[in-house]
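Computed over heavy atoms, backbone and side chain alike; hydrogens, waters and symmetry mates excluded. Just so we're clear, the structure is a prediction, and the values are computed from it rather than from any experiment. When a ligand or atom number is given, it counts from 1 through the structure's own listing order.
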Amino acid sequence: MSPSFIESNTTGSDPRAQKGSTNISTIQSLDIEQFAPGVFEKRWLNISTSALGPVNVPVFAYRGSAPGPTVGIIGAIHGNEVNGIPVIQQVFARLEEKIRSEFASETIAGTLIGIPVLNVPGFLDSVRSFDGHDLNRLMPGKSNGAAPQQYAYRVFQEIVMKLDYVFDLHTASAGRQNSLYVRADMNDDNIKKLATDLSPQIIVHNSSPGGSLRGCAQQNGIKALTVEIGNPSTFQHNLITRTVNGICNALTFQLGYPPLSNQYAIQMQQQSPVICCRSYWLFSQAAGILQVYKKLAEPVTRGEVIAEIHSVFGELLQRIFAPDDHDTVVVGLESNPVAKVGNRTVHLGVIGNGFLDGVNDGHL
Ligand SMILES: [Zn+2]
């Protein structure tokens, strides 16, 4: 049998030799009953069509022998947010190793679905958007709409609506950096427990923005949380491993899966995240060269200088202070030093657990 990978060598390799994924069949719908219990499955799910043929998303699936909830882990709804891809691969690898080594499939109640890349054209172009639009503001889409709306519609109907729980994996957008943090409705007990077991650096309570996958899922009774894993267009292995451990712990402690993390990883994950009741960005008032003096996930002292903007000649134009009436932590920051008036500079989480309803997501 020919290998499904290409081994490069100094004489070069023939790109036509690529066989990867060609033996995986394509499905039109994510009906769980089509997956044989106890079998690790891979499929292409057809979402759309281009002039040159079908547009398919990759699907991992494992259906336990007992009935139970369907849990989805979704990556790259923003095409350049790739840290979620190895997270999903590794969660499935751990589950497969556990099932093969110790447990019969009967020990899993329900189905685990992994979609490592949701936004196919954005991923192929290494960009956040889909055809210039944000897929994560178009949910639940429109069956009779423009291309991104139809794509969102198929995604929502064929994937999201088949789930009972969803972990939506993201990163910062281009030019910005994120800590490992979860956005979740902390007034929902189920979601709060999942977020806590995931044990990120920070948890930010908020409602989700209109048209987002998380918000539309929640409106349909699906338990959803957003996991922000660092930075775009790169793999950050520390954050990836921590997220894998966190999702595995949530699966074990809240959804009855066998332990998928070793004891050391479970204990490491029990470092308590900083809990924030909301978050917001500080925007620049000046244009020039931005320097941010705080690090990701670092606590902020009230009233301290957290960033400055200088002119290209080095003159101080704006000093950006931390708020002096509440405690904050750095959730994310702008890493592009070229600042315009009104640019985002630092994303602060407000430390506290007074969780109000209808809190915006800090991006508005
Ligand atoms: Zn994103």
### Query
How close do Glu334 and Val292 get, heavy atom to heavy atom, and via which atoms?
O-CG2, 3.9 Å

### Task
For the Zn ion (ligand 1), find the closest N/O/S atom belonging to Glu81 and write down its atom name.
OE1

### Minimum heavy-atom distance Asp185-Gln218, with the two atoms named
CB-OE1, 4.1 Å

### Query
Considering only N, O or S atoms, which atom of His170 is nearest to the Zn ion (ligand 1)?
ND1

### Message
Does the plane of the ring in His205 sit parallel, tilted or perpendicular to the ring in Phe355? Use 30° and 60° as the thresholds.
### Response
tilted

### Query
Closest N/O/S atom of His78 to the Zn ion (ligand 1), by atom name?
ND1

### Query
So Tyr151 and Phe130, would you call those rings parallel, tilted or perpendicular, with 30° and 60° as cut-offs?
tilted

